[in-house]
Amino acid sequence: MVHTRERSLLPTEEPLSLLRKDGSPVEDSPLTMPDDDVLLELHRRMVVGRRFDTQATALTKQGRLAVYPSSRGQEACEVGSVLAMRAEDWLFPTYRDSVALVTRGVDPAETLTLLQGGWHLGYDPYEHRVGPQCTPLATNTLHAVGFAHAARLKGEDTAALVLLGDGATSEGDTHEALNFAGVWRAPVVFLVQNNGYAISVPLSKQNAAPTLAHKGVGYGVPSVLVDGNDVAAVYAVVREALESGGPTLVEALTYRIEAHTNADDATRYRTSDEVAAWLDRDPVDRIEAYLTSRGLLDPARRSAVAAEAEEFAASVRDKMNVDRTYDPAALFEHVYATPTRHLREQAAALAEELA
Amino acid sequence: MVHTRERSLLPTEEPLSLLRKDGSPVEDSPLTMPDDDVLLELHRRMVVGRRFDTQATALTKQGRLAVYPSSRGQEACEVGSVLAMRAEDWLFPTYRDSVALVTRGVDPAETLTLLQGGWHLGYDPYEHRVGPQCTPLATNTLHAVGFAHAARLKGEDTAALVLLGDGATSEGDTHEALNFAGVWRAPVVFLVQNNGYAISVPLSKQNAAPTLAHKGVGYGVPSVLVDGNDVAAVYAVVREALESGGPTLVEALTYRIEAHTNADDATRYRTSDEVAAWLDRDPVDRIEAYLTSRGLLDPARRSAVAAEAEEFAASVRDKMNVDRTYDPAALFEHVYATPTRHLREQAAALAEELA
Amino acid sequence: MTVSMGRALNQALADALSEDPGVLVFGEDVGPLGGVFRVTDGLTARFGESRVFDTPLAESGIVGTAIGMAMNGLRPVVEMQFDAFAYPAFEQITSHLAKMRNRTRGRVSLPVVIRVPYGGGIGGVEHHCDSSEAYYTHTPGLTVVTPGTPDDAYRLLRDSIASPDPVIFLEPKRRYWAKGELSGAAVPMDRALVRRTGRDVTLIAYGPMVATALETAEAAVEEGWDVEVVDLRSLSPFDDETVCASVRKTGRAVVVHEAAGFGGYGAEVVARVTERCFHHLHAPVLRVTGFDIPYPPPKLEEHHLPNVDRILDAVARLQWDDEVVGGYRA
Amino acid sequence: MTVSMGRALNQALADALSEDPGVLVFGEDVGPLGGVFRVTDGLTARFGESRVFDTPLAESGIVGTAIGMAMNGLRPVVEMQFDAFAYPAFEQITSHLAKMRNRTRGRVSLPVVIRVPYGGGIGGVEHHCDSSEAYYTHTPGLTVVTPGTPDDAYRLLRDSIASPDPVIFLEPKRRYWAKGELSGAAVPMDRALVRRTGRDVTLIAYGPMVATALETAEAAVEEGWDVEVVDLRSLSPFDDETVCASVRKTGRAVVVHEAAGFGGYGAEVVARVTERCFHHLHAPVLRVTGFDIPYPPPKLEEHHLPNVDRILDAVARLQWDDEVVGGYRA
Ligand SMILES: Cc1ncc(C[n+]2csc(CCOP(=O)(O)OP(=O)(O)O)c2C)c(N)n1
Ligand SMILES: Cc1ncc(C[n+]2csc(CCOP(=O)(O)OP(=O)(O)O)c2C)c(N)n1
Ligand SMILES: [Mg+2]
Ligand SMILES: [Mg+2]
């Protein structure tokens with residue numbers, strides 16, 4: 001739909017969608033509705049993901065996490081895009097994308113290692129094909145492009161999906177990444193989760209283009225604007241983009257319901273009316289309404305999913321409530337492949353100090 | 001012409017122009033042909049500018065300049081844009097824009113100070129409202145945006161014109177500058193002199209968009225594609241953009257006839273046929289043909305201009321052929337407003353060494 | 001008046017904005033939110049959106065446009081949200097901010113202040129706790145200062161804004177909440193201050209480590225050491241006079257900082273103090289610094305950061321039993 | 001075989017490309033042009049566009065994509081066209097390249113080499129002559145090496161490409177044309193080499209200053225000094241063993257580099273050598289460096305760069321008449 005030569009370089013004026021706010025299907029959508037089993041899976045993972053997210057926020061209150069950036073309200077993006085990935089594809093997430101990670105199969109405790117403060121990363125990137133959760137904004141876009149181009153050079157059919165926020169689109173790295181991707185025709189999908197804010201800064205102070213998707217035009221990168229609270233649409237768009245063999249910029253319009261992190265005070269920069277309006281566009285409710293109307297989601301399945309979510313949350317709680325000790329020797333082990341003499345000396349000094 | 005709401009965000013497919021290759025006027029151009037006296041002045045300055053440029057290249061051969069990046073072939077951009085500036089506007093040039101500087105009235109010897117190796121800059125930026133010739137690519141775009149925004153804040157009607165190359169558009173700073181300019185609606189004109197190469201790298205390896213002007217779209221910055229060898233068109237576009245009160249991205253299609261600098265070997269990356277084709281599109285010939293056909297440029301004026309150019313070149317030669325001494329004390333004087341004690345000590349040590 | 005360092009900085013910004021209409025404050029989230037550390041709290045409301053404002057999220061853009069504004073006569077005070085997020089601006093800082101005056105033979109001044117909350121000790125995750133002072137202090141043309149007390153926070157920030165030169169203003173974020181008096185006393189911006197006098201050994205510290213050095217000095221009393229503490233305040237330029245006077249007096253010195261030791265700022269301090277005070281030294285000048293590792297995660301940072309015990313340990317290694325003055329051991 | 005340093009580097013790249021299909025070379029103008037210094041000359045023709053290629057003009061992009069490629073199993077060797085043009089990549093280098101292994105507990109290796117032509121002495125204009133080593137050596141996780149001879153250029157580059165860690169490979173551009181033998185001998189990448197033995201004083205140099213130090217040693221013979229010259233080769237890690245053995249033997253040392261002295265790499269050398277050899281030193285370890293100024297324009301650079309006379313001067317200041325061993329002067 002988006003990669004045909006005939007189509008305008010510009011994204012559509014209205015976001016592409018498959019489901020309306022109330023869950024009713026959009027008739028004339030250029031997107032293909034995912035199969036029923038995919039839709040059910042999307043729903044299940046969104047419910048579980050949201051419960052995980054709520055649990056993580058709760059863990060900050062108990063001091064079990066150093067910080068947590070919630071993606072509540074963005075589940076259609078987090079889950080829709082990750083389930084659209086093929087096994088061989090790679091994900092390049094940010095700090096906000098813990099739900100995407102657990103959806104990809106990363107152990108929730110390993111996912112939360114960074115935010116718990118135990119180590120900078122808890123999982124093996126190669127195990128689930130998930131890069132480290134990236135904090136310096138937009139820098140992961142370049143890693144994704146390099147990774148995808150390398151796959152191409154190696155003759156592998158691997159695409160990269162990189163997640164970034166509306167704010168991150170202002171960084172120079174995003175531009176360089178889109179440009180390299182355009183020139184190399186690298187198989188990368190840039191999914192901009194436009195949640196309206198970069199911490200406190202609203203989109204209007206971030207960009208003056210009609211949409212962020214318009215940024216693709218300057219790089220010859222096909223661009224799509226999608227309703228980011230419509231998980232079916234996100235799934236369809238990202239899947240097609242990943243399979244296209246080239247780069248795509250996707251802007252997904254969504255909203256972060258919680259504050260930037262538990263440490264943020266969102267009342268300083270947005271109104272509760274605005275939040276309420278977005279709560280009314282809830283992505284989980286939407287898919288639920290659709291599946292229910294189609295008779296695919298009966299009360300039994302709904303409560304099974306809810307139970308699974310509770311169980312998942314309970315297991316996260318249990319894992320995170322364990323008091324752990326952290327071995328200071330870890331500080332020196334992986335600065336270089338083989339610790340240098342200086343580091344061995346420093347490690348020994350610390351060990352002696354602690355002995 | 002370009003700032004009206006109704007027009008597409010996209011630049012025109014064909015470059016805007018006023019004069020065809022052979023000097024005949026384009027009838028249906030949306031641009032306004034400059035007044036005759038302006039055209040004559042454009043011509044005169046291009047001839048002088050080119051002669052200056054040739055002289056500078058010659059000075060490298062005599063070891064009088066450390067290096068010289070010629071803008072031969074790009075005179076329509078160098079001269080058209082600068083003459084389009086109003087007295088109160090500021091120019092932010094690059095290393096390639098010496099012709100633009102002398103056109104703005106900067107003393108040629110002061111202009112060449114950087115390239116001669118005498119000092120990093122020879123002129124007073126405030127005297128002619130010309131920023132330092134900038135070497136780190138694209139960095140001057142941000143200076144221009146900041147400068148222009150400051151003028152706006154101070155209530156001054158000053159616009160900034162920043163010059164950059166096709167290669168520089170790939171740098172993150174260009175993107176950040178366009179974005180800030182878009183958000184702030186800063187009165188800045190980004191003039192990309194697309195001369196086809198960044199040293200040896202052709203445009204096709206630099207960007208995959210249909211044109212570089214397409215990059216404006218992603219920032220809400222109006223974009224114009226112009227024939228960069230048509231001085232009348234460059235003048236008209238830049239003048240309108242400077243007066244628009246907001247940002248504009250202008251891509252001017254042109255060609256650098258000489259190698260990147262005197263130290264470069266252009267035969268390694270381009271054919272002489274390609275150069276010949278562009279020689280055939282010479283910007284000076286074009287305006288000359290037009291003015292001659294209009295009866296505005298008679299042989300008398302033509303030779304007067306040529307004589308002026310020769311005289312200018314001779315004066316440059318004379319100034320540059322003076323053997324100068326360079327005071328090492330200068331090294332320490334302006335690192336800080338008041339030299340620190342360390343620097344005074346170092347200056348004293350050097351003075352003693354040289355005594 | 002007793003205030004936190006954060007409030008002192010806020011007050012300095014407010015006073016500068018009041019006194020000079022050319023002063024601007026901008027960066028990421030410094031507007032209505034007041035900055036993630038609330039240092040700019042209330043300034044937009046008080047001075048308006050055109051003087052205190054949020055920018056797009058782009059650090060090179062922030063510094064680059066600040067340069068342009070300063071060229072046009074304004075005095076921008078910009079914030080980098082955290083230490084590591086100043087790195088995208090490194091080119092603008094190094095190639096332009098630091099060099100513009102020199103390049104233009106003094107014709108273009110860039111009175112820009114870049115505020116950088118730096119250092120660890122607050123349980124921050126990766127990239128939020130770097131001590132990046134050595135990158136800036138090695139760059140000629142930059143002035144680099146860092147306050148250790150609210151009083152210095154106020155006056156150094158006022159002085160930085162008033163300075164005709166670009167200033168990297170490093171704010172020790174773990175001390176934002178520490179309280180102290182605003183004295184109203186002026187101290188030249190480029191001078192170190194002896195925070196505590198002592199006879200036996202000089203602790204040379206700055207920013208977040210000033211308080212730690214003072215604690216160490218108290219703890220050292222028990223061990224029988226009379227410790228002098230010098231707070232550098234200005235990292236570049238360096239106040240040789242004050243520091244060397246102290247070291248010549250005590251004959252022993254330890255430099256303390258959070259940053260990795262290798263190639264850290266402390267190396268310069270050791271090198272120049274040793275050059276200038278060699279024959280007064282009873283022992284080599286030692287360093288107590290962070291390890292040569294990326295800043296650790298919250299659960300391990302306590303092991304990385306210099307603390308009282310580690311500094312006392314270094315003091316103990318200063319060859320106290322070596323009674324032969326300037327003794328030579330093969 | 002006698003070759004220039006430029007050719008030695010070219011050979012190293014060609015050999016690495018031949019032996020390991022995972023090696024890639026890319027950057028600005030490194031393709032058909034062969035780089036502005038011709039170090040990559042002929043490589044595209046020989047190995048094809050998919051292994052040796054030009055990129056868009058964006059240094060952060062070059063390093064950032066190299067990181068992604070390395071994550072995917074390749075070994076990128078990228079070029080920054082000149083020292084100062086690596087600054088736009090500073091964030092990618094500092095926050096990712098240097099930290100990825102540590103962050104991932106060793107699961108992700110980044111065998112990336114960043115070639116940076118650095119230093120002055122070639123009549124280059126502003127931004128083309130920076131000596132930026134201190135920025136990299138202070139960043140844990142980076143290996144930083146710099147050859148002083150064609151022989152080292154070859155083997156250090158081969159070793160750098162083979163290294164599992166990211167390497168900042170600093171090429172002293174004024175020595176590109178200097179010729180020397182390729183010995184074929186292996187020397188561990190992290191070891192310094194004694195280039196000339198001597199009894200009286202140790203000159204510690206690297207990169208462009210190795211040749212200058214050797215010249216100084218010859219000139220010093222006339223003055224009656226027997227000078228030892230240590231070529232560091234590896235700036236990080238630092239070879240304490242070799243350097244300290246030399247300094248303990250001679251009792252005197254001078255560190256030489258082109259970069260500004262303040263906070264420069266030489267400060268670390270002084271600090272650690274002094275710590276480790278204090279009681280062997282007859283005089284403080286001195287530094288001969290560039291001044292604390294932005295790199296000068298071509299017509300003035302000779303005054304800035306360390307030269308034989310200036311190094312001899314420093315040697316002369318090493319308190320030779322101070323016969324009291326370890327003498328103490330108030
Ligand atoms: C290079 C860089 N600059 C600044 C920050 C500090 N910071 C962390 S999150 C954030 C806002 C990001 O907004 P956006 O990209 O929209 O993502 P979101 O948090 O909304 O998911 C900022 C400024 C950073 N992490 N990296
Ligand atoms: C940040 C930066 N990177 C690299 C360079 C080295 N360099 C100088 S000119 C040039 C090519 C510039 O091409 P373009 O922007 O098209 O301008 P042109 O020289 O064609 O006018 C390069 C790579 C530089 N000056 N700055
Ligand atoms: Mg956002
Ligand atoms: Mg060009």
Side-chain angles (χ1 to χ4, degrees), chain B residues 90 92 114 119-127 131-136 138-154 156 158 160 162 171-173 175-184 186 188 219 330-343 345, chain C residues 21-22 24 26 50-51 53-76 78 88-89 91-92 94-96 98-112 140-143 163-166 190 234 236-241 272:
Chain B
W90 267 71
F92 290 84
L114 167 72
W119 194 256
H120 309 295
L121 182 75
Y123 53 92
D124 180 350
Y126 293 104
E127 190 183 339
Q133 276 185 287
C134 187
T135 302
T139 53
N140 57 338
T141 57
L142 285 164
H143 307 164
V145 173
F147 197 98
H149 186 56
R152 162 82 50 84
L153 290 174
K154 296 184 345 179
E156 291 165 2
T158 295
V162 57
E171 290 281 3
D173 275 4
H175 153 91
E176 299 190 9
L178 284 164
N179 196 39
F180 276 66
V183 172
W184 290 347
V188 185
Y219 312 100
L331 292 173
F332 306 95
E333 279 166 5
H334 299 295
V335 182
Y336 296 93
T338 309
T340 60
R341 184 138 75 102
H342 307 162
L343 288 173
E345 284 168 14
Chain C
L24 296 182
F26 57 95
S50 63
R51 307 230 12 234
F53 51 92
D54 291 326
T55 62
L57 208 168
E59 293 78 11
S60 187
I62 292 167
V63 175
T65 55
I67 290 171
M69 292 186 198
M71 289 179 74
N72 203 351
L74 300 180
R75 301 186 98 84
V78 303
E91 183 191 30
Q92 288 287 353
T94 308
S95 288
H96 290 300
K99 296 189 171 72
M100 188 69 81
R101 173 186 297 284
N102 183 65
R103 169 185 306 144
T104 62
R105 287 212 202 231
R107 286 157 177 147
V108 178
S109 288
L110 294 181
V112 174
L142 298 178
T143 298
S163 169
D165 292 310
D190 58 358
S234 172
S236 178
F238 180 85
D239 180 357
D240 288 302
E241 209 177 330
R272 60 196 306 120

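As the structure is a prediction and not an experimental result, all values here were calculated from the model. Below, chains carry the letters A, B, ... as their sequence lines are ordered, and counting in each starts from 1.
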request  = Look at C/P56, C/P164, C/P237 and state which one has the largest set of heavy-atom pairs under 4.5 Å with chain B.
outcome  =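 Highest number of pairs under 4.5 Å: C/P56.
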
Under 4.5 Å from any heavy atom of chain C - which part of [X]:
X      : answer
B/D173 : side chain
B/V335 : both
B/A337 : both
B/Y336 : both
B/A151 : both

task = Among C/M71, C/K99, C/H96, find the one that has a side chain to side chain contact (heavy atoms under 4.5 Å, CB included) with B/P132.
result =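 Only match with B/P132 under side chain to side chain contact (heavy atoms under 4.5 Å, CB included): C/M71.
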
request  = Determine whether the side chains of C/N72 and B/H149 contain a donor N or O and an acceptor N or O closer than 3.5 Å.
outcome  =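 No, no side-chain donor-acceptor pair sits under 3.5 Å.
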
message = Closer than 3.5 angstrom, by distance alone: can the side chain of C/R107 be matched with the main-chain N or O of B/Y123 as a donor-acceptor pair?
response =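 Pair found, side chain donor or acceptor close to backbone of B/Y123.
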
Chain B contact via [X] - which portion, at a heavy-atom distance below 4.5 Å:
X      : answer
C/A66  : neither
C/S236 : side chain
C/L24  : side chain
C/P140 : both

key: Contact winner vs chain C - B/R152, B/H175, B/H342, B/H143, heavy-atom pairs under 4.5 Å   =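 Maximum pair count with chain C is reached by B/H143.
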
Between B/L114, B/L153, B/T141, the one whose heavy-atom pairs under 4.5 Å with chain C are most numerous =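 Most heavy-atom pairs within the cutoff with chain C belong to B/L153.
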
query = Please walk me through it: do C/V108 and B/Y126 pass side-chain contact (heavy atoms from CB on, under 4.5 Å)?
reply = CA-CA 8 Å; C/V108 178; B/Y126 293 104; 3.8 Å; yes

inquiry  = I'd like to know if B/R341 and C/E241 make a salt bridge, using a cut-off of under 4.0 Å between side-chain N and carboxylate O.
reply    =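 Looking at C/E241 together with B/R341, the answer is yes, because their closest N to O distance falls below 4.0 Å.
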
key: Under the salt bridge (charged side-chain N to carboxylate O under 4.0 Å, His left out) test, residues paired with C/D239 that sit two or more places apart   =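 By the salt bridge (charged side-chain N to carboxylate O under 4.0 Å, His left out) rule, C/D239 matches C/R191.
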
inquiry  = Working note: B/W119 + C/R105, criterion side-chain contact (heavy atoms from CB on, under 4.5 Å); need CA distance, chi angles, decisive distance, verdict.
reply    = CA-CA 9 Å; B/W119 194 256; C/R105 287 212 202 231; 3.5 Å; yes

